[in-house]
Amino acid sequence: MPRQDCAATVLGGPTTVIDVGGLRIVVDPTFDDPGPHGYLTKTLGPAVPEDRLGPVDLVLVSHDAHPDNFDDRGRAFAMAAPVVLTVPSAADRLGSPAVGLAPWTTFMVPRPDDGGELAVLAVPAVHGPEDGERDAAGNINCEVTGFVLSGRGLPTVYVSGDNASMRAVAEISRRVPGIDAAVLNAGAARVTGKFRERPVSMDSRRTAAAAAVLGATVVIPAHYDGWTHFSEGRTELETAFDDAGLSSLLRLVDHGSWAALRG
């Protein structure tokens, strides 16, 4: 895939390629074939296989606990990258080159475009209902993170990961004003036996509300198809953004097609 100047593409599921600042960044790599993956079932493979992505500079893993966000081929792909940024518990499990980031900590990545560095800020995410049962570490479902990418002359890009919390979005908006583009995991994922089947990711209306709260001028939905546990898809996203008067922000391009990160 030829590198883009400042754009992103969703390959399927959560897997997103972001070209910015001369860097190629891959989010939540999932490249396994369709079929059963534990208690989840994959229905679509990636629009572009991993061997067509070329050299990758950075991999972002929101969490490693679920196969729809980090599968076997995705793990092999990530571990061959120069740097993997993820939650601290995942970094402990994965080892080098994974680096664990606690919320509101930043990792700096040198940019090959002579623009200095790209700042990667870890931001909170909640992978389920706010009132869901928490584990011993205080996490709902599992430890998960989002990211904000920024740098001189670049748009500020929020990558949500599997976040279902509007409270987290509001906090990010307060602490990181001026977000230009957002890659938002949607799909209203529901898993039998978890949280009374309430969504563990944003539904379409919350995705539109998150876009409004963030004030982004470009919204790229991800993680809304390719698996049977998603209860909402492209149609519901289009309706929700239209109802909210935000259709001009939405970039629902075909998987593997690029969307500019500047409005």
Side-chain angles (χ1 to χ4, degrees), residues 10 13-14 16 27-28 60 62-63 65-66 68-69 87 101-104 121-135 137-150 156-191 194-225 229-252 263:
V10 178
T16 304
V27 181
D28 284 349
L60 305 179
S62 65
H63 62 298
H66 301 140
D68 59 325
N69 286 81
V87 292
L101 296 180
W104 306 116
L121 173 68
V123 294
V126 180
H127 196 358
E130 291 276 6
D131 62 353
E133 182 179 357
R134 295 181 180 270
D135 62 21
N139 301 306
I140 296 174
N141 208 351
C142 68
E143 187 179 24
V144 64
T145 188
F147 303 94
V148 175
L149 315 178
S150 63
T156 298
V157 182
Y158 167 52
V159 179
S160 74
D162 275 359
N163 174 57
S165 169
M166 285 300 301
R167 183 179 298 172
V169 171
E171 183 182 8
I172 292 162
S173 178
R174 286 195 302 270
R175 295 182 63 161
V176 190
I179 288 174
D180 300 294
V183 179
L184 301 179
N185 285 12
R190 302 175 193 268
V191 180
K194 283 192 173 183
F195 310 118
R196 306 196 310 275
E197 282 72 60
R198 291 179 293 167
V200 298
S201 62
M202 289 273 188
D203 64 18
S204 299
R205 291 188 177 277
R206 287 191 179 187
T207 304
V213 170
L214 293 165
T217 57
V218 172
V219 177
I220 302 171
H223 215 17
Y224 58 85
D225 64 359
H229 59 294
F230 293 122
S231 62
E232 297 182 6
R234 188 184 188 107
T235 299
E236 289 83 3
L237 281 163
E238 289 174 334
T239 299
F241 275 75
D242 186 49
D243 288 347
L246 300 174
S247 294
S248 63
L249 312 184
L250 191 61
R251 304 293 188 270
L252 264 173

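Predicted model only: the values in this text are computed from it and were never measured.
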Could you check whether any side-chain heavy atom of [X] comes within less than 4.5 Å of a side-chain heavy atom of [Y], counting everything from C-beta outward?
X    : Y    : value
N69  : V144 : no
Y224 : L184 : no
V148 : R175 : no

Could you list the donor-acceptor pairs under 3.5 angstrom formed by side chains in residues 122-130, with sequence neighbours left out?
unit_1 : atom_1 : unit_2 : atom_2 : d
H127   : ND1    : V200   : O      : 2.9
H127   : NE2    : H66    : ND1    : 3.4
H127   : NE2    : D162   : OD2    : 3.3
E130   : OE2    : S165   : OG     : 2.2

In Å, rounded to the nearest 0.5 Å, how long is the span from [atom1] of [X] to [atom2] of [Y]?
X    : Y    : atom1 : atom2 : value
D242 : S204 : CG    : OG    : 12.5 Å
R206 : N163 : CZ    : CG    : 9.5 Å
S173 : L214 : OG    : CG    : 5.5 Å
M166 : T207 : CE    : OG1   : 9.0 Å
R134 : N141 : CZ    : CG    : 11.5 Å
L237 : D203 : CG    : CG    : 9.5 Å

For [X] and [Y], indicate whether the former's side chain and the latter's backbone hold a donor-acceptor pair under 3.5 Å.
X    : Y    : value
S160 : Y158 : no
R190 : E197 : yes
S231 : A188 : yes
E171 : A168 : no
S62  : G146 : no

Taking every non-hydrogen atom, the tightest pair across [X] and [Y]:
X    : Y    : value
R251 : P221 : O-CD, 3.5 Å
P14  : N185 : CB-ND2, 4.2 Å
V169 : M202 : CG2-CE, 3.8 Å
T156 : G178 : CB-O, 3.7 Å

By salt bridge (charged side-chain N to carboxylate O under 4.0 Å, His left out), which residues pair with [X], not counting sequence neighbours?
X    : answer
D135 : none
R234 : E238
R205 : D243

Which residue is it: L252, L249, L246? I am looking for the one with a side-chain contact (heavy atoms from CB on, under 4.5 Å) to V219.
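One option only clears the test, and that one is L249.
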Is there a side chain to side chain contact (heavy atoms under 4.5 Å, CB included) between V27 and F147? Walk through the geometry before answering.
CA-CA 10 Å; V27 181; F147 303 94; 5.7 Å; no
Can you name the side-chain hydrogen bond (donor to acceptor under 3.5 Å, both in side chains) partners of S201, sequence neighbours left out?
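None.
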Using side chain to side chain contact (heavy atoms under 4.5 Å, CB included), reason through L121 and W104 one step at a time and then give a plain yes or no.
CA-CA 6 Å; L121 173 68; W104 306 116; 4.0 Å; yes
Suppose we screen for side chain to side chain contact (heavy atoms under 4.5 Å, CB included). Which residues come up paired with F230, at least two apart in sequence or across chains?
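By the side chain to side chain contact (heavy atoms under 4.5 Å, CB included) rule, F230 matches A189, H223, W227.
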